[in-house]
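Everything below concerns the one structure shown next.
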Amino acid sequence: MNIQLLNKIAKVGLDQLGDGYQVGEEIANPDGIMVRSAVMHDMEFGADLKAIARAGAGVNNIPIERCSAEGIVVFNTPGANANGVKELAVCALLLAARNIIGGIEWAKSLAGTADVAKQVEKGKSKFAGTELQGKTLGVIGLGAIGGMIANTAIALGMNVIGCDPFLSVEGAWNLDHNIKRAATYDEIFEKADYITLHVPATKDTKNMICTENIAKMKDGAKIINLSRADLVNAAELKVALADGKISAYVTDFPTEDILDGVNVVAIPHLGASTEESEDNCAVMAAKELDDYLVNGNITNSVNFPNLTMPRTGAARICVLHANVPAIITKITAALADEGLNIENMTNKSKGDNAYTVADVANAPSADAIARIAAVEGVYKVRAI
């Protein structure tokens, strides 16, 4: 099978792919694509493309709806870079609490002057800040990254409130019992001294930091954004920074319209830029891609349901399709007409999309596969 690389992927990840793979940047019409930050919205996909594995959590650079319609499974790697982002978030909290950047720049400006030690003692007061202990941190989004940050903030002595309408049971089990649950984002806006954002950019979250919501915040509140630039209305935030309503904004997503704002600390997207995070993401992405291409199993897909089933038959038929009635009946009818016995079958759905896997006693003919592919609502079918 052929795997195209759109970005540099850590070797430890590529090593997860066996001898049956051809891997490289110049691969034409690949079976799978591995990507980090390359923008794919204008790419044309070949007929053989079955999956895209994003070595990271965000998938804004991938045309998800088009992939779904073409039967291309899109994977991401949630949690693989969580520790790297968590550690940067701790740094961001400290940078927001204390004017460390300003102090460093001022200290460097003293080079070549007399009595530097005396000047430092005399001038340091203008860089004084506050401590994190006892302050309230509001965490918006308690997934793999947000949950780790919330737990770490508790260890730092902060009071933590969190809000996540989509929090999983597994995610809840991993949270420190001292973290208080906020019923709405408004509760965080109203109570938090620090607000940290850990949600994807969707139609519901874009521009969530805006004049209306800033007005609900404490005077002097500080905002940390290591998630996506689109979560913040830059123009409206700059006004709040200028008048002191917001006293600090630390972001890992510098954009031209925010860089000249006062009390802005812009970090060049370093959240997951650690050797460990890049290795972890590459390994997870490669394993997801391999398991799908070889076994038809789906883990951590953003557009199709997770489905893992042990292999039992001589062949496995994998059908990606719309989540509508009667498709499964038509799939099984096509197999029955060929006299194929289904030894095991599973169907799962996710929103508008669904996935059906059937293990059969004998390899299906090309005609049987073509009949399934012709069923209205079927995106892609293959036998492995």
If you take all heavy atoms of [X] and [Y], which pair is closest and at what distance?
X: Gln16; Y: Ala286; value: CB-CB, 3.9 Å
X: Asn225; Y: Phe253; value: O-CD1, 4.2 Å
X: Met158; Y: Leu93; value: SD-CD1, 4.4 Å
X: Phe304; Y: Ser68; value: CZ-O, 3.8 Å

Determine, for Phe189 and Lys216, whether the Lys NZ or Arg CZ falls below 6.0 Å from the six-membered ring centre while staying within 45 degrees of the axis. no
Check whether Tyr379 forms a cation-pi arrangement with Arg66 (NZ or CZ under 6.0 Å from the six-membered ring centre, at most 45° off the ring normal). no
To the nearest 0.5 Å, how far apart are [atom1] in [X] and [atom2] in [Y]?
X: Lys8; Y: Glu25; atom1: NZ; atom2: CD; result: 10.5 Å
X: Leu88; Y: Thr274; atom1: CG; atom2: OG1; result: 10.0 Å
X: Asp279; Y: Asn81; atom1: CG; atom2: CG; result: 12.5 Å
X: Leu335; Y: Arg371; atom1: CG; atom2: CZ; result: 9.0 Å

Begin from the C-alpha positions of Val232 and Tyr249 and carry the test side chain to side chain contact (heavy atoms under 4.5 Å, CB included) through to its verdict. CA-CA 10 Å; Val232 173; Tyr249 177 56; 3.5 Å; yes
If you apply the rule side chain to side chain donor-acceptor pair (under 3.5 Å), what do you find for Glu338 with Ser365, and how did you get there? CA-CA 8 Å; Glu338 191 165 297; Ser365 69; 2.4 Å; yes
Check this for me: Arg181, atom CZ, are more than 12 non-hydrogen atoms of other residues, nucleotides or ligands nearer than 6.0 Å? no
Can you establish whether the number of heavy atoms outside Asp176 located under 6.0 Å from its atom CG is more than 12? yes
Run the numbers on Arg98 and Glu131 for salt bridge (Lys or Arg N to Asp or Glu O under 4.0 Å), then give the verdict. CA-CA 8 Å; Arg98 309 178 71 170; Glu131 297 181 8; over 6 Å; no
Do the charged groups of Lys218 and Asp193 touch, with an N to O distance under 4.0 Å? yes
Tell me, with the steps shown, if Asn295 and Arg311 meet side chain to side chain contact (heavy atoms under 4.5 Å, CB included). CA-CA 8 Å; Asn295 298 309; Arg311 298 286 292 267; 3.3 Å; yes
Go through the steps for Lys191 and Glu187 under the test salt bridge (Lys or Arg N to Asp or Glu O under 4.0 Å), then give the verdict. CA-CA 6 Å; Lys191 294 181 178 180; Glu187 188 176 344; 3.0 Å; yes
So among Asp290, Asp291, Thr308, Asn306, which one has a side chain to side chain donor-acceptor pair (under 3.5 Å) with Asn297? Asp291
